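Structure provided below as C-alpha cells; questions to follow.
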Amino acid sequence: MFCRECGKLLLEGIRFCPDCGTSVAVDSATGSSTKDNTSPLCTLTIDRASQVYLINPPVKVIIDNSIRFSIANGQTQSVQLTAGKHIIQFKCSLRSTRVDINISKDTLIELIWDHISGKLTTKIT
C-alpha cells in the first residue's frame, strides 16, 4: 500500500504516513490499513533497447524495494503504480542504477545497457 499524498510505501497497520503525516484509512473491523481506492493509477512502461551483442543478460527491475520482474534484451514491460513518488532500480550483473520518480501520468522509461562498460542508462519520457 502507498500513501495517497506522497506515494511512499506504507507498512501494514500504520495510521499515518511516516514521510508526510497523511492519515491512512483504517478498516474498523480488522484494525488494519486499507487501500485508498481514490488514488489514481498510472502505467509505468519500461522499454529495453534491442541491442545485438553476444552477451546480453536480463536486467532486474526493482520498484520500491520489491523485485517486480526481469526485462530481457528488446523487451517492453508495463506495471500499474499509484500516482506519487517511487524508487525504480535496475540491476544487471554488478552494475545498477536508480531512478527517483514522481509519477502523475503514464510514463515511459527507456533502458540501455552498455555492453563495454556494463553501465545502465535511462531516459524518462
Side-chain angles (χ1 to χ4, degrees):
M1 180 172 70
F2 298 93
C3 175
R4 67 180 181 268
E5 288 298 317
C6 69
K8 182 171 179 72
L9 180 64
L10 301 174
L11 300 174
E12 282 298 317
I14 65 169
R15 295 179 186 257
F16 296 93
C17 174
D19 201 45
C20 70
T22 300
S23 177
V24 177
V26 176
D27 184 341
S28 59
T30 65
S32 65
S33 301
T34 59
K35 290 184 179 178
D36 181 6
N37 293 328
T38 61
S39 296
L41 290 177
C42 301
T43 301
L44 174 66
T45 302
I46 300 170
D47 181 27
R48 182 168 174 198
S50 180
Q51 299 168 288
V52 182
Y53 303 124
L54 183 60
I55 299 173
N56 214 331
V59 175
K60 288 182 187 173
V61 179
I62 302 164
I63 301 173
D64 298 323
N65 296 320
S66 176
I67 297 175
R68 293 291 181 103
F69 50 84
S70 289
I71 189 164
N73 181 41
Q75 189 178 22
T76 300
Q77 293 271 351
S78 294
V79 63
Q80 294 286 315
L81 298 175
T82 56
K85 296 178 184 177
H86 295 279
I87 298 170
I88 316 296
Q89 294 174 296
F90 301 98
K91 292 189 177 186
C92 183
S93 302
L94 300 175
R95 300 288 185 156
S96 67
T97 192
R98 172 180 160 156
V99 176
D100 294 339
I101 189 168
N102 191 354
I103 298 175
S104 60
K105 61 180 181 176
D106 292 350
T107 305
L108 171 69
I109 297 178
E110 297 175 26
L111 177 65
I112 299 171
W113 178 69
D114 185 319
H115 75 288
I116 296 171
S117 68
K119 184 177 180 182
L120 295 164
T121 57
T122 59
K123 179 182 173 188
I124 301 171
T125 56

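Computed from a predicted model, the values in this text were never measured in an experiment. In this chain, residues are counted from 1 in sequence order.
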Query raised in the report: Under the side-chain hydrogen bond (donor to acceptor under 3.5 Å, both in side chains) test, which residues partner Ser96, sequence neighbours left out?
Result: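 Checked Ser96 against side-chain hydrogen bond (donor to acceptor under 3.5 Å, both in side chains); zero matches.
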**Report entry** Hydrophobic cluster membership, Phe90 vs Val79, 4.5 Å side-chain cutoff
**Finding:**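 In one cluster: yes.
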**Report entry** Approximate separation, where rounding is to 0.5 Å, of Asp114 CG and Cys92 SG
**Finding:**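 Reported to 0.5 Å precision, the distance equals 11.0 Å.
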Query - Side-chain hydrophobic cluster, 4.5 Å single linkage: members besides Ile67 - result: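 Members besides Ile67, by chain and number: Ile62.
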Query raised in the report: Between Val59 and Arg48, is a side-chain contact (heavy atoms from CB on, under 4.5 Å) present by the stated rule, with each step listed?
Result: CA-CA 9 Å; Val59 175; Arg48 182 168 174 198; 3.7 Å; yes
Query - side chain to side chain contact (heavy atoms under 4.5 Å, CB included) against Ser104, all qualifying residues, sequence neighbours excluded - result: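 Side chain to side chain contact (heavy atoms under 4.5 Å, CB included) list for Ser104, sorted by chain: empty.
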Report task. Output all residues satisfying side chain to side chain contact (heavy atoms under 4.5 Å, CB included) with Gln51, sequence neighbours left out; order by chain, then residue number. Result ->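 Here the qualifying residues are Ala49, Tyr53, Asn56, Asn73, Ile112, Trp113.
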Report task. Using the test salt bridge (Lys or Arg N to Asp or Glu O under 4.0 Å), find all partners of Arg68 that sit at least two apart in sequence or belong to another chain. Result ->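 For Arg68, no residue satisfies salt bridge (Lys or Arg N to Asp or Glu O under 4.0 Å) once neighbours in sequence are set aside.
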Query - Distance-only polar pair, side chains of Thr122 and Glu110, donor-acceptor under 3.5 Å - result: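 No, no side-chain donor-acceptor pair sits under 3.5 Å.
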Query raised in the report: Within a strict 4.5 Å, meaning less than it, do heavy atoms of the Thr107 and Ile124 side chains meet?
Result: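 A side-chain contact under 4.5 Å exists here.
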Query raised in the report: Is it the case that one hydrophobic cluster holds both Leu108 and Ile71, taking links as side-chain heavy atoms less than 4.5 Å apart, direct or via other members?
Result: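 In one cluster: no.
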Query raised in the report: To the nearest 0.5 Å, how far apart are OG in Ser66 and CD in Gln89?
Result: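 Going from OG on Ser66 over to CD on Gln89, the span is 11.0 Å.
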Query - Heavy-atom closest contact (Asp64 atom, His86 atom, distance) - result: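 Looking at all heavy atoms of both residues, the closest pair is OD2-ND1, 2.6 Å.
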Query raised in the report: What about Ile63 and Leu120, same hydrophobic cluster or not, with Ile/Leu/Val/Met/Phe/Trp/Tyr joined at side-chain heavy-atom distances under 4.5 Å?
Result: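 Same cluster: Ile63 reaches Leu120 through Ile, Leu, Val, Met, Phe, Trp or Tyr contacts under 4.5 Å.
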Report task. Determine the sole option in Thr45, Thr43, Asp47 for which the side-chain hydrogen bond (donor to acceptor under 3.5 Å, both in side chains) test with Ser78 is passed. Result ->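 For Ser78, the side-chain hydrogen bond (donor to acceptor under 3.5 Å, both in side chains) test succeeds with only one of Thr45, Thr43, Asp47, which is Thr45.
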Query raised in the report: Rounded to the nearest 0.5 Å, how far does CD1 of Ile109 lie from OG1 of Thr76?
Result: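 With rounding to 0.5 Å, OG1 (Thr76) is 12.5 Å from CD1 (Ile109).
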Query raised in the report: Are Leu44 and Phe69 grouped together when hydrophobic residues (ILVMFWY) are joined by side-chain heavy atoms under 4.5 angstrom apart?
Result: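 Yes, one cluster joins them.
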Requested in this report: Mind jotting down which residue pairs meet the salt bridge (charged side-chain N to carboxylate O under 4.0 Å, His left out) criterion with at least one end in residues 100-109? Sequence neighbours excluded, please.
Outcome: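 Output for this query lists Arg98-Asp100.
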